[in-house]
Protein chains: 2
Amino acid sequence: MVQGGKPRPMKGIRQLAEHLDISIGTVSRALNGKPDVNEETRKRVLAAAEQLGYVANQSGRSLRQGTTNVIGLMIQSSRETVENSDNFFLTVTGGLQSVFSRHKLDLIMLPCPHDEDPYEYLKRMVARRIVDALIISETQRVDKRFDLLAKAKIPFAALGRSLSGTQHPWVDLDFGGVINCAIDRLVAHGHRRIAISAPSSDINLGFVFVEGYRRALERHGILYDPALVIRAKSSEQGGYQVADELLRLEDRPTAVILIYELMAIGLYRRVMESGIIPGRDIAVVSFREAPRAKFLQPALTCFRTSLHDLGVELAEILLSSMPAYSHEYSRKSRQTVWPLELIPGESDAFRLTTTK
Amino acid sequence: MVQGGKPRPMKGIRQLAEHLDISIGTVSRALNGKPDVNEETRKRVLAAAEQLGYVANQSGRSLRQGTTNVIGLMIQSSRETVENSDNFFLTVTGGLQSVFSRHKLDLIMLPCPHDEDPYEYLKRMVARRIVDALIISETQRVDKRFDLLAKAKIPFAALGRSLSGTQHPWVDLDFGGVINCAIDRLVAHGHRRIAISAPSSDINLGFVFVEGYRRALERHGILYDPALVIRAKSSEQGGYQVADELLRLEDRPTAVILIYELMAIGLYRRVMESGIIPGRDIAVVSFREAPRAKFLQPALTCFRTSLHDLGVELAEILLSSMPAYSHEYSRKSRQTVWPLELIPGESDAFRLTTTK
DNA sequence: CATAGTATCGTAAACGTTTACGGAGCGCAT
DNA sequence: ATGCGCTCCGTAAACGTTTACGATACTATG
C-alpha cells in the first residue's frame, strides 16, 4: 500500500513522521529543539520539514501547551484616532516586532470596531485565548481594562500611562517634560499669555497635558486662565477651530501650544485668513513631531522622538512581565516616561518686545 | 468531594456541563444554535454561560472544525508605507469590520516586519492556519503571493489590482479615471505641459498611473515627455523633491499631478522658496484626498472617496469567494475599480492664457 | 560479568472542542 | 401490542500537537 512518500500536500506531523519512518514524538522533539534527540535525526527532520513545507498547526499546539506565541496589540481606531493617529501605531509596531521576532513571537493588531465597546471587545479577545499577552493603547483616565486583564491573569502592558495608581507596566510619552520645555522657551521669549490645545480630560493625554501646563505656568508666576485651554480634536480641523477660538478672545494670546503637529496646518490657515502671520504675530509650538513639520511655512517648532525605539522599550517591558521571558529582561523598570527632544523651527522664533 | 458548583474560574465546557448536570455534547449544541436541543435547556445553558463568563476556547474549536473565524489583513508597513500610508488601513479596516462583524468574524491585522520578506511572512501565516482567509495589500506588479495563496487554497482578496491577469478578487482605486479627469481639466484650462509624480513602476499604482497619463495625453494630442514623469516617495519629502526637479527643467511645466496629497506640503514649500505661487504660477492637482487638503493654502484640488465604503466592498468580495458565505454575496462581481470624485480647490483654478 | 548510567526513541495520554451516531422516551397509527 | 417517527440527549471519536513516561541499546564502571 504505502509504496513511497511522494511530497503530498502535507497534512500534519503524522505524515511527516511516516515519511521519515520515525515516531511522531521524535519529530516533534526534533523540531522544537528538545535535547533528547540525535543530532543526525534532527537534521533529517528539519530538512524534510523544510522540503515538504511543514509548519506546525497553531491550533493543535496552542491547545496542548496553552500558549499561542502571539502577542496582541489592541488599537481603538476611534473616529478621533483615525483622524490623527497618522502612522503612530505602525511605527511603534516596528519597534515591537524587532524585539518579539527574536523570540519567535508574532505580533497581531486587534482593531476594536467603532461600534463595539472596547471593554467588551477586549473581553472577547481574552476569552478566546488567541494571544499570550496584550498591549493596550489609548488608555483612559479610568480604564476598566486594567482590572479585566489582571483578573484574567494575562500578561499585558499599556501604551499610555495609568493614573489610577495600579502597578502594571506601561510606557508613555513625557508630556510633562514637553510642556515644561515649551513653556520655559516661550516665557524666555517674553510670552506671558500662552494658550494650549488638548483633547478631553478623560484621555490621559488631555489630563496630564493640562496639569503640566498649569504647574509650568505657576512656576513662572503666570496666572492660569481656563479660557486659554481649548479642547479640540487633534486634526487639521481641530487646529482651525483652535485658531478660531483664539481669535475671538478679547485678550488674545501671543503664543499657542498644539497637541499635534497636523493641527498647525489648520491653525496656520485660519490665522492667515485674519492677516496674522505665524512665527511673527503668534508663536506656535507643537507637541509631537511628524515628518511634515519642517515643510510647513514657517517651519514648526516641535518635539521629536523615535517611536520605533519606544516600541522596543514597550516590548521589553512586556516581556519582562512574562514568566517565560522575564529572565532576559528582568532588569527593566516597569513604567517608563519616554523623553522627547526639542526641534527648533521658525514658528516661535520671534522675541516679544512689547510688554503688556 | 464535589459538593456544589461555586462559580469557579471556569476551565472549559466540561465544567459548564457539570455545573448544569448536562452532557458536554448538549452544552456545545446549545451554545452553537444547533436544532436538536430543547429550547428550555438551551436557555439554561446560555444563562449559565453568561453568568460564569464561559467563552469557547478558540484553539479547541479551531482544531476540531478547522476554522478560526478570523480574517487576516496583511500590511507591509514598509519604510515607504510608514511614511505615507497614514490612516489608509485603519479607515479601510473600519469598513471591513462592519461587514465581518455581521458574521461573527474577527479581523486581525498582520503587519509584516520590515526585515522579513513579505512572501516568507505570508507563508508562515498561511501555514500556521491562524486565519480562515486573507486580505493582502500593496500588491506588486508581479506578486508571488497570489500563487502562494491559490496553491494553499485559502480564500483571499487583494487591496490593489492584479496586472498578471489572474482571476482572484480585488478592489482598487480607479487610477485611470482619476488621471483622465485631472488631465481633461488641466487641458481645458489651457495647460499642455503637465508633469506627474509616481512611485516605482514595480508597484501597481506607479505603473497604472503613468500608463493612464500617457494615454490621456495621447487622447489630447500632447506629446509624452519622460522627463515630466518624476519618481518620488509619496511623502512631504517626496513632494519637495518633485518641485526641486521640476524647477530644474528647462521647459518648465505649468501643471503637476501629485500622487498623494501630503506631497503638496513639500511641493508648496519648495516652489514658494523660488517665488512661485501654487495656484497662480503652477497648477497642482492631487490624487487621493486626505482631510488636510482643504486647509492648505491654496486649497488643494484633489480626488475623494470613502475608504470605509471601499472596505465594505472588499469585505463582500472576499466573503463571496468563501464557500461558507458565498450564498449571501454571490451576486458581487469579483474585481472592482473603485471610483473617486473630484473636489475642486484653488490650486489649479487659474486659466492659462499665454500659449506656448 | 553484572550493574549503573546515558543517549535516543516510541507510546500514549492529554489539551477543549464539535459532531456523527445511536439510544431513550413518547405519541400515534396500524 | 407492535411498529414508526419524532424530539431530545449522552457517548465517544476525532482534530494536531506536546510531553511525561518507559523501553531499548549502548557505554562505562565495578
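Here is how names work: the chains are called A, B, and so on, in the same order as the sequence lines, proteins then strands, and each is numbered from 1. Both backbone and side-chain heavy atoms feed into the values below; hydrogens, waters and symmetry mates do not.
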Item to check | Ring center gap for H19(A) and Y54(A) short of 6.0 angstrom | outcome: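 H19(A) vs Y54(A): aromatic centres not under 6.0 Å.
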
Checklist entry - Could you give the start and end, 5' to 3', of the contact zone on DNA chain C for chain A, using atoms under 4.0 Å from its heavy atoms? => result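 Here the contact window of chain A covers dT8(C) to dG16(C).
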
Next on the checklist: Quick check: on DNA chain D, is the nucleotide nearest G25(B) upstream (toward 5') of the one nearest L63(B), or the reverse? Name the residue that is more 5'.
Outcome noted: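 Here G25(B) is the residue nearer the 5' end.
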
Item to check | Pairwise side-chain contact, R124(B) with V55(A), heavy-atom cut-off 4.5 Å (strictly under) | outcome: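 A side-chain contact is absent here, since even the closest heavy-atom pair is not under 4.5 Å.
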
Checklist entry - Is there a donor-acceptor pair closer than 3.5 Å between any side-chain N or O of R42(A) and the backbone N or O of K34(A)? => result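 Side chain of R42(A) to backbone of K34(A): a pair is present.
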
Item to check | Residues from residues 29-44 of chain B lying under 4.0 Å of DNA chain D - heavy atoms | outcome: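 The answer is R29(B), D36(B), V37(B), N38(B), T41(B).
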
Checklist entry - Hey, does I22(A) reach any base, or is it just sugar-phosphate, or nothing, if we go heavy atoms under 4.0 Å? => result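 Sugar-phosphate, backbone atoms only, no base.
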
Next on the checklist: Can you tell me how the ring of H308(B) sits relative to the ring of H114(A), calling it parallel under 30°, perpendicular over 60° and tilted otherwise?
Outcome noted: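 Judged by the thresholds at 30° and 60°, the geometry between H308(B) and H114(A) is tilted.
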
Item to check | Side-chain H-bond candidate by donor/acceptor type, Q97(B) with S101(B), under 3.5 Å | outcome: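 Their side chains do not contain a donor-acceptor pair, so the 3.5 Å distance test is not met.
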
Checklist entry - What residues, two or more places apart in sequence or in another chain, satisfy side chain to side chain donor-acceptor pair (under 3.5 Å) together with D147(B)? => result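 Side chain to side chain donor-acceptor pair (under 3.5 Å) check on D147(B) returns nothing, list empty.
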
Checklist entry - So, is T26(B) close to the dG10(D) phosphate, meaning a side-chain N or O under 4.0 Å from OP1 or OP2? => result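 For dG10(D), OP1 or OP2 has a side-chain N or O of T26(B) closer than 4.0 Å.
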
Checklist entry - How far does OG of S28(B) sit from CD1 of I22(B), to the nearest 0.5 angstrom? => result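 Nearest 0.5 Å value for the OG-CD1 distance: 12.5 Å.
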
